[in-house]
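A short write-up of the structure that comes next.
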There are 2 protein chains.
Amino acid sequence: MNINEIAKLAGVSRATVSRYLNDGYVSEEKRKVIKDVIEQTGYQPSAQAQSLRKQVTGLIGVIIPRIQSESVSRMVAGISRVLSESGYQLLLANTQNNEKEELKYLKTFRKNHVDGIIFMGTMFTKAHFSLMKELEVPIVILGQQVEGYSCVYQDDYNAAKEAVRLLVGSGKTIGYIGVNTRDKAAGTHRKKGFLEELTRNGIKAEEKYMEEADFAVEAGYEATNRLMKRSPDIDSILCATDSIAVGALKHIRELGKRIPDDIQLIGFGDNAITGIVEPSITTVHFYYHTSGEESARLLLEILSSGEDFKKQIKMGYRMNIQESTRK
Amino acid sequence: MNINEIAKLAGVSRATVSRYLNDGYVSEEKRKVIKDVIEQTGYQPSAQAQSLRKQVTGLIGVIIPRIQSESVSRMVAGISRVLSESGYQLLLANTQNNEKEELKYLKTFRKNHVDGIIFMGTMFTKAHFSLMKELEVPIVILGQQVEGYSCVYQDDYNAAKEAVRLLVGSGKTIGYIGVNTRDKAAGTHRKKGFLEELTRNGIKAEEKYMEEADFAVEAGYEATNRLMKRSPDIDSILCATDSIAVGALKHIRELGKRIPDDIQLIGFGDNAITGIVEPSITTVHFYYHTSGEESARLLLEILSSGEDFKKQIKMGYRMNIQESTRK
DNA sequence: TTGTACGCGTTATCAA
DNA sequence: TTGATAACGCGTACAA
């Protein structure tokens with residue numbers, strides 16, 4: 001069913017049908033006839049043909065590292081809400097945190113002439129930048145601050161500092177379990193906030209109080225094991241993700257230590273699970289859903305204004321203080 | 001950058017370039033020239049123009065009820081893995097479980113000429129069926145068994161029966177917290193399995209031992225409250241989802257009862273959280289990730305064979321026995 | 001207010 | 001082996 005058949009059925013030229021669909025001049029009588037025909041046939045103009053002609057696809061490419069992640073899925077939900085409201089469709093690419101896949105999908109997006117891209121990346125290489133430069137589509141980076149690009153990201157640095165302040169109030173020896181610092185947001189900035197706030201409080205940061213883990217409960221468990229074995233005097237641990245914090249909680253419990261009496265715990269992300277475990281875990285709430293919405297709105301702004309003004313939006317945060325911290 | 005410019009730069013006709021791209025006859029020398037030009041320019045044929053011409057888009061529409069759900073995101077990950085391997089792109093529609101949205105997106109998919117649709121729905125209305133009938137695209141339904149359609153679904157019925165067998169072995173009074181039965185899979189079939197296996201064991205199912213809740217921890221908590229107030233003699237509860245089971249766990253703990261000594265608990269879905277709470281919750285493992293893969297494979301089969309043979313795939317399950325059940 | 005004709009970027013047919 | 005040309009479905013400038 002195409003516009004020619006509709007035109008034939010309605011007894012008009014296909015230009016008239018096209019005008020009808022695009023708010024052009026059509027007489028009342030023809031308007032009625034065309035309307036009836038379209039309703040009866042359930043005709044829908046072909047998106048491909050339209051975009052070939054109009055050079056606009058209504059498609060937004062979204063690259064995510066891993067869909068089975070609470071923070072990621074919350075952001076995608078936010079993106080989806082805003083885009084769908086504006087009539088855009090979402091072309092999703094799940095890369096499993098694989099650089100090659102990311103690059104591949106950037107190319108796929110170009111091939112599909114997406115109108116814009118929301119890129120939730122964790123690590124950016126030269127290959128990324130050179131490819132992103134090549135693409136003429138507006139790109140909004142979500143979750144990381146990248147100079148020279150429009151982006152929406154979390155205030156990892158200050159959140160970490162605030163978490164440390166919370167811990168030093170009632171703790172003496174603060175441990176840290178971080179993630180790979182190739183991830184600037186969750187890795188570098190959270191660690192930097194931790195270190196600098198320690199220093200500001202006159203505490204010397206020592207290697208023996210620090211560990212690194214993957215984004216997973218099991219990894220958090222193991223890292224805590226290493227950490228506590230090496231430095232049993234630790235009385236507080238800041239974990240770069242909630243999963244790690246949950247793993248830490250498990251290990252601490254097995255050690256027979258009490259939370260928060262013997263050891264305090266703080267995580268990042270405000271995953272649902274932090275409110276379910278016993279004791280519940282104090283954690284940094286990032287507005288992930290809102291970040292997603294915000295990134296989509298920013299992209300829409302760029303699209304409607306026709307100009308990428310490289311706005312950088314740093315989102316707020318708040319501490320969700322639960323039972324794993326003293327006082 | 002389009003095929004005409006490439007042709008001009010390479011000093012050949014655009015037909016030759018097209019043949020080069022589509023494995024046609026091209027002499028070695030021209031092949032080289034064209035290859036160089038394409039590599040230097042980074043040219044990619046337009047997907048829109050190709051699909052307009054070839055009547056194939058390489059797009060698969062995927063409708064999901066809610067992305068912030070562990071089971072859904074696992075299935076999407078499975079779908080994504082298989083489709084991306086076969087060079088398909090995924091057009092994602094997150095409907096927030098809203099019927100209107102589902103219908104809207106089915107239409108959007110038609111407009112975009114997706115090659116196929118994977119529909120993860122919970123409740124199917126007449127409007128759904130009439131619209132799905134209209135679409136000439138192959139549809140695979142994921143998560144529900146629907147007569148007359150290709151689908152991949154879980155064995156909710158038998159899983160519920162097995163769960164009941166587990167409970168009756170060491171329990172006497174079995175409670176059930178279900179979800180809305182308009183959802184055939186999680187609502188009707190799990191409940192039916194529960195009821196029939198009770199009967200098979202000579203236990204009379206009574207209304208006072210049954211409750212209904214939404215898919216959420218809080219709702220499970222409240223439902224358990226109602227259930228236990230009404231029937232304090234209950235010593236086992238089967239919950240239609242893990243979230244509900246976690247809510248139940250919270251409430252039971254607040255009642256001062258022990259799990260599993262006083263009350264046993266079983267959930268469905270094998271969410272990560274069941275292994276993290278204390279005590280961990282016995283739960284039915286459905287192969288969600290594999291289901292997603294399976295649905296994608298089924299769709300690919302249909303696409304390559306050109307015939308929708310309405311295959312119905314019932315997936316297996318296994319009990320993940322943890323600490324919330326006796327013995 | 002309506003219709004004709006062209007072009008968007010491809011691929012496929014056909015003749016050379 | 002190559003190139004001219006038609007066609008995919010649509011929107012729009014232009015002429016009527």
Side-chain angles (χ1 to χ4, degrees), chain A residues 1-35 37-38 41-59 87 89 107-115 135-137, chain B residues 1-35 37-38 41-59 87 89 107-115 135-137:
Chain A
M1 189 59 51
N2 63 30
I3 200 171
N4 275 311
E5 306 187 45
I6 300 297
K8 202 165 291 174
L9 287 174
V12 299
S13 79
R14 78 161 180 267
T16 307
V17 177
S18 178
R19 270 195 299 271
Y20 168 84
L21 292 168
N22 298 284
D23 292 326
Y25 292 91
V26 180
S27 64
E28 264 314 310
E29 41 173 351
K30 306 223 167 186
R31 187 174 288 278
K32 273 213 178 105
V33 186
I34 297 174
K35 188 181 169 208
V37 174
I38 287 183
T41 55
Y43 165 72
Q44 288 239 1
S46 149
Q48 276 77 25
Q50 281 186 325
S51 57
L52 184 60
R53 175 65 225 231
K54 301 205 280 195
Q55 308 289 31
V56 168
T57 57
L59 257 32
Q89 269 292 110
K107 286 181 193 150
T108 308
F109 287 164
R110 169 168 58 187
K111 189 176 163 63
N112 281 88
H113 292 279
V114 296
D115 294 339
L135 304 178
E136 321 90 352
V137 209
Chain B
M1 190 58 51
N2 63 31
I3 199 171
N4 275 310
E5 306 186 46
I6 300 296
K8 202 165 292 175
L9 287 173
V12 300
S13 76
R14 74 163 180 266
T16 307
V17 178
S18 177
R19 268 195 303 273
Y20 168 83
L21 292 168
N22 299 283
D23 292 325
Y25 291 90
V26 180
S27 65
E28 265 316 311
E29 38 170 354
K30 307 224 167 187
R31 188 174 285 279
K32 274 217 175 100
V33 187
I34 297 174
K35 186 178 171 213
V37 174
I38 288 182
T41 56
Y43 164 73
Q44 289 238 357
S46 150
Q48 276 76 26
Q50 281 185 325
S51 56
L52 183 61
R53 176 65 227 227
K54 302 205 279 195
Q55 309 289 31
V56 168
T57 58
L59 256 32
Q89 269 289 113
K107 286 180 193 154
T108 308
F109 287 164
R110 169 168 56 185
K111 189 175 164 60
N112 280 88
H113 292 277
V114 297
D115 294 339
L135 269 26
E136 319 91 353
V137 209

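These numbers come from a predicted model, not from an experiment. Basis for what follows: all heavy atoms, side chains included, without hydrogens, waters or symmetry-related copies.
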Completion exercise
Scanning both residues in full, the closest heavy-atom pair of A:Pro45 with A:Gln50 reads CB-NE2, 3.5 Å
Exercise for the section: Measure from CD on A:Gln48 to C1' on D:dC10 and round the result to the nearest Å. Expected result: 12 Å
Problem - Length of the line joining B:Glu5:CD and C:dG9:C1', which is rounded to integer Å - result: 11 Å
Acceptor/donor pairs from residues 3-13 of chain B side chains to any protein atom, 3.5 angstrom cut, sequence neighbours excluded:
residue, atom, partner, partner atom, Å
B:Asn4, OD1, B:Arg14, NH1, 3.3
B:Ser13, OG, B:Ala15, N, 3.4
B:Ser13, OG, B:Thr16, N, 3.3
B:Ser13, OG, B:Thr16, OG1, 3.2

Practice task
Check every strand shown and say whether A:Gln55 touches a base, only sugar-phosphate, or nothing at a heavy-atom separation below 4.0 Å.
Solution key: sugar-phosphate
Handout entry: Any side-chain heavy-atom pair of B:Ser51 and B:His113 under 4.5 Å
Key = no
Problem - Whole-Å distance separating the OH atom of B:Tyr25 from the C1' atom of D:dG3 - result: 17 Å
Exercise for the section: Decide yes or no for B:Glu29 and B:Lys32: does some side-chain heavy atom of the first lie under 4.5 Å from some side-chain heavy atom of the second? Expected result: no
Problem - Heavy-atom closest contact (A:Gln89 atom, B:Phe109 atom, distance) - result: NE2-CE2, 3.8 Å
Exercise for the section: Round to the nearest Å and state the distance from A:Lys111 atom NZ to C:dG9 atom C1'. Expected result: 11 Å
Exercise for the section: Figure out the CG/P separation between B:Leu52 and D:dG9, and round it to whole Å. Expected result: 7 Å
Practice task
Nearest 0.5 Å please: distance from the OH atom of A:Tyr20 over to the NZ atom of A:Lys30.
Solution key: 14.5 Å
Problem - Closest heavy-atom pair and its distance - A:Asn112, A:Thr57 - result: O-CG2, 3.7 Å
Exercise for the section: Starting at the 5' end of nucleotides 10-16 of chain C, put B wherever the base has a protein heavy atom under 4.0 Å, S where only the sugar-phosphate does, and a dash everywhere else. Expected result: BBB----
Completion exercise
Closest heavy-atom pair, A:Tyr25 versus A:Arg19, reported as atoms and distance to 0.1 Å, is O-NE, 3.3 Å
Exercise for the section: Using only side-chain N and O atoms of A:Thr16, determine if any of them is under 4.0 Å from OP1 or OP2 of C:dT2. Expected result: no
Completion exercise
In terms of heavy-atom contacts, B:Ser46 and B:Ala49 come closest through OG-N, 3.0 Å
Practice task
Would you kindly give the NZ-to-P distance between A:Lys8 and C:dG3, to the nearest whole Å?
Solution key: 14 Å
Completion exercise
When the rotation axes relating C1' atoms of four end pairs to the next four are compared across the helix from C:dT1-D:dA16 to C:dA16-D:dT1, five pairs an end, they differ to 10° by 50°
